[in-house]
Protein chains: 2
Amino acid sequence: MQPTVEDVARAAGVSRQTVSNVLNAPERVRPETRERVEAAIAQLGYRPNRVAQSLRASSSRMIGYRIEPVHPFAVGSIHDRLLHALADAGRAEDHHLLLYTADDLDGEIAGALALHRAGAVDGFVLYGLHAGDPRPPALLHHGIPFAAFGRTGHDEGHPWVDVDNAAGTAAATRHLVEVGHRRIAFAGYPRGGDVGERRAEGWRATLEACGLPPGPDLRGEDSLATGARLAAELLDDPEPPTAVVAATDTLAAGLLRGARDRGARLAVVGFDDTPTAAALDLSSVRQPIEAVGHAMVRALLNPAPPDGPPAASLLPPELIVRGSSCPP
Amino acid sequence: MQPTVEDVARAAGVSRQTVSNVLNAPERVRPETRERVEAAIAQLGYRPNRVAQSLRASSSRMIGYRIEPVHPFAVGSIHDRLLHALADAGRAEDHHLLLYTADDLDGEIAGALALHRAGAVDGFVLYGLHAGDPRPPALLHHGIPFAAFGRTGHDEGHPWVDVDNAAGTAAATRHLVEVGHRRIAFAGYPRGGDVGERRAEGWRATLEACGLPPGPDLRGEDSLATGARLAAELLDDPEPPTAVVAATDTLAAGLLRGARDRGARLAVVGFDDTPTAAALDLSSVRQPIEAVGHAMVRALLNPAPPDGPPAASLLPPELIVRGSSCPP
DNA sequence: TTGTACGCGTTATCAC
DNA sequence: GTGATAACGCGTACAA
């Protein structure tokens, strides 16, 4: 059994509450008494019981997070980076991450509701928001605090953090133009997803701003095979592009492979700067995931005043230049 | 504020304890009373407060886990699979995963001690045990329950789960022999690590059992670049091997690339069956990580009787055959 | 400055 | 079968 305040009090020859005061209001205790108590604490290895503290404060100091199953085709993911960043961000404010699983978004909502009702968590961090996402309205309706990564398009009611996707592909496109490319294509997700469209938009707008005609705008599912197929498609053109901006590192890796299979040169820039990008010497747009995690935890634990708007930040990504984006 | 037992009791016109009995010992309550209480519970959306339950039971129903920073060079990892498996395994026994961070193994031990002293977790799951690992003796010394993935060589005192690494490379080697290869090399971690040596041992023993001479046994750090370099080294041989057993998918991917760069054919089998393997059509040895996670949680939550040995299981991996291990 | 009393929400024990 | 009482460990208003 762990020692309690009572044990410490007995060992130090003071009352239970004096020990509590030493911990929570040290200035109220005479220095010599404090030292005696602190010695007893150290000697017994006493730590306040978090569960009792939680019950007393009706705050669990836990942040809930649903962990998704691993996506079997994505060659690299930022998910593990985010998880570490969240756990690390909580440390400074003495909060911990509580993981739970669910089969889908409705299960995630049901699980969040149950955990919150049971007092197991103070709030949640939501990953991968998208247009039409059912989670924000559901949690808002039940009055459950949360912070989100991504946006739905109706994000006024809760704190959120997002990365400026368009700025990322814009930087990639600008970089390719600067090293001399003039025909620059785009390879992305199927049309409709908001993240994908924003990445396409950054590419398109930058070409326009540079006075260059947009190259082909190809789409497909996020896999290596698709990337390779798109590369073949691009190179079949009588006047093929010399560079491609890809919406993910997975597609970018596929494009590199497709081009190499044809013995052709093709400059490629990926997105997410996964370990795969580093391994393949692939230039890539890096999301500031550590900052995202810290910003979400901060927004969740230090909510805005009731009359002000919730915290919201749009963070800039950073282009990591490697060998795959060389001049034509 | 969430409803409490008291609220339910008032709504159902019974005492607080009758409500508790309905939840924890239903057979003691007259059916009609029970129904009335259950209706009140449903109507109020009552859920027992986990924190109060924890305090009462002195069990937090939490499992602690230290999440490591992402290794920047490994192209695929089984870590995210394990995390999901652990969270999922806890669900069945109404336990949740509590994540924390630490800078190194000593920090992990200190954090575990603090969390356990504070009553925040009931026990821990340890990842990546190796010979000389300081964590098992430290936790045993403090009487902190834990289950481990991997072995140190002195594993009698605590529950552990491991994957039979030698059986994995043995299956890979046997498969390559069966499809017709006779000169089969090995590419692995630098000598010394126990996991790496077991994987090498499975390869060596199988060749011996088949009456074949062992091919070159090459080692290097776990990166794509190393794999490519080792491929070049192998193919420089006047009588080069036609196949390689690799200790990781990352090395295997590098070997494939190295061979392709030389325009040579080289059959390769990797280890871990990461998404990278699927993407590259790479045969690979798959660890049963989901089973590992479930076995660890089971062992942790249902400890062996004090007089019996702790639970221990050595799980078999499975060879996933794809295109990279075709006949010579 | 120190000690006393109470409540956070739950459940086990024990009378009735 | 049901209801009062106590206890888990802590923090805090209040009194001394």
Side-chain angles (χ1 to χ4, degrees), chain A residues 1-38 40-41 44-62 94 114-122, chain B residues 1-41 44-62 94-95 114-122:
Chain A
M1 224 46 190
Q2 303 302 332
T4 74
V5 244
E6 192 98 36
D7 298 320
V8 175
R10 234 195 322 275
V14 297
S15 87
R16 197 175 19 158
Q17 279 56 30
T18 304
V19 177
S20 180
N21 282 338
V22 168
L23 292 170
N24 302 305
E27 72 284 357
R28 287 201 213 152
V29 181
R30 200 189 316 151
E32 59 209 62
T33 312
R34 185 164 60 202
E35 276 174 30
R36 216 168 61 244
V37 171
E38 278 164 352
I41 288 177
L44 292 176
Y46 167 78
R47 297 222 52 175
N49 185 302
R50 268 183 92 91
V51 175
Q53 287 182 321
S54 291
L55 183 60
R56 163 78 197 167
S58 12
S59 156
S60 60
R61 284 184 292 171
M62 288 278 168
D94 194 25
L115 284 170
H116 184 254
R117 276 230 229 282
V121 301
D122 292 345
Chain B
M1 226 45 190
Q2 303 300 333
T4 73
V5 245
E6 193 97 36
D7 299 319
V8 175
R10 232 193 323 272
V14 297
S15 86
R16 200 174 20 161
Q17 279 58 29
T18 304
V19 177
S20 179
N21 282 337
V22 168
L23 293 169
N24 303 305
E27 72 284 357
R28 284 199 216 155
V29 181
R30 198 189 317 153
E32 57 210 62
T33 312
R34 184 164 61 201
E35 279 174 29
R36 218 168 60 242
V37 170
E38 277 164 352
I41 289 177
L44 294 175
Y46 167 79
R47 299 221 47 170
N49 185 302
R50 270 184 88 96
V51 176
Q53 286 182 323
S54 292
L55 182 60
R56 167 75 198 166
S58 24
S59 154
S60 60
R61 286 185 291 171
M62 289 277 165
D94 194 26
H95 277 246
L115 284 170
H116 184 254
R117 283 240 171 92
V121 300
D122 291 345

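So you know, we letter chains A, B, ... as the sequences are listed, proteins then strands, and number each from 1. Keep in mind that this is a model prediction, so the values were computed, not measured.
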Kindly say if Ser54(A) contacts the phosphate of dC8(C), meaning a side-chain N or O under 4.0 Å from OP1 or OP2. no

If you look at every heavy atom in Tyr46(A) and Thr4(A), which pair is closest and at what distance? CE1-C, 3.6 Å

Whether the side chain of Arg16(A) engages the backbone of Val5(A) through a donor-acceptor N/O pair (distance < 3.5 Å, no angle test) should be reported. no

Rounded to the nearest 0.5 Å, the CD atom of Glu27(B) sits from the CZ atom of Arg34(B) at a distance of 8.5 Å

Ranking Ser15(B) and Glu6(A) by the position along DNA chain D of their nearest nucleotide, the one closer to 5' is Ser15(B)

Mind checking side-chain contact (heavy atoms from CB on, under 4.5 Å) for Asn21(B) and listing every partner two or more places apart, or none if nothing turns up? Arg28(B), Val29(B)

For the pair made of CG in Asn21(A) and C1' in dT12(D), what is the distance, rounded to whole Å? 9 Å

Proximity to DNA chain D (any heavy atom under 4.0 Å), residues of residues 23-34 of chain A only: Asn24(A)

Do the side-chain N or O atoms of Ser20(A) get closer than 4.0 angstrom to the phosphate oxygens (OP1, OP2) of dG11(D)? yes

Pro48(A) and Leu23(A): which non-hydrogen atoms are nearest, and at how many Å? CG-CD1, 4.3 Å

In Å, rounded to the nearest 0.5 Å, how long is the span from CZ of Arg36(A) to CD of Glu38(A)? 12.0 Å

Checking Asn49(A) against Gln2(A) for the side chain to side chain contact (heavy atoms under 4.5 Å, CB included) test, could you report, in this order, the C-alpha distance in whole Å, the side-chain angles of both residues, the deciding distance, and whether it holds? CA-CA 9 Å; Asn49(A) 185 302; Gln2(A) 303 302 332; over 6 Å; no

Arg47(B) (side chain) donor-acceptor with Ala118(A) (main chain) under 3.5 angstrom: no

Show me the donor-acceptor pairs within less than 3.5 Å that the side chains of residues 51-58 of chain A make with the rest of the protein, sequence neighbours left out.
from, atom 1, to, atom 2, distance (Å)
Gln53(A), OE1, Arg61(A), NH2, 2.6
Ser54(A), OG, Arg50(A), O, 2.9
Ser54(A), OG, Ser59(A), O, 3.2

With sequence neighbours left out, write down each residue that passes side-chain contact (heavy atoms from CB on, under 4.5 Å) with Ser20(B), or none if nothing qualifies. Asn24(B)

Over its full length, what angle do the end axes of the helix from dT1(C)-dA16(D) to dC16(C)-dG1(D) make, each axis taken from five pairs and the result rounded to 10 degrees? 50°

Using a cut-off of under 3.5 Å, enumerate the N/O to N/O pairs linking the protein to nucleotides 6-9 of chain D.
from, atom 1, to, atom 2, distance (Å)
dA7(D), N3, Arg56(B), NH1, 3.2
dC8(D), O2, Arg56(B), N, 3.4

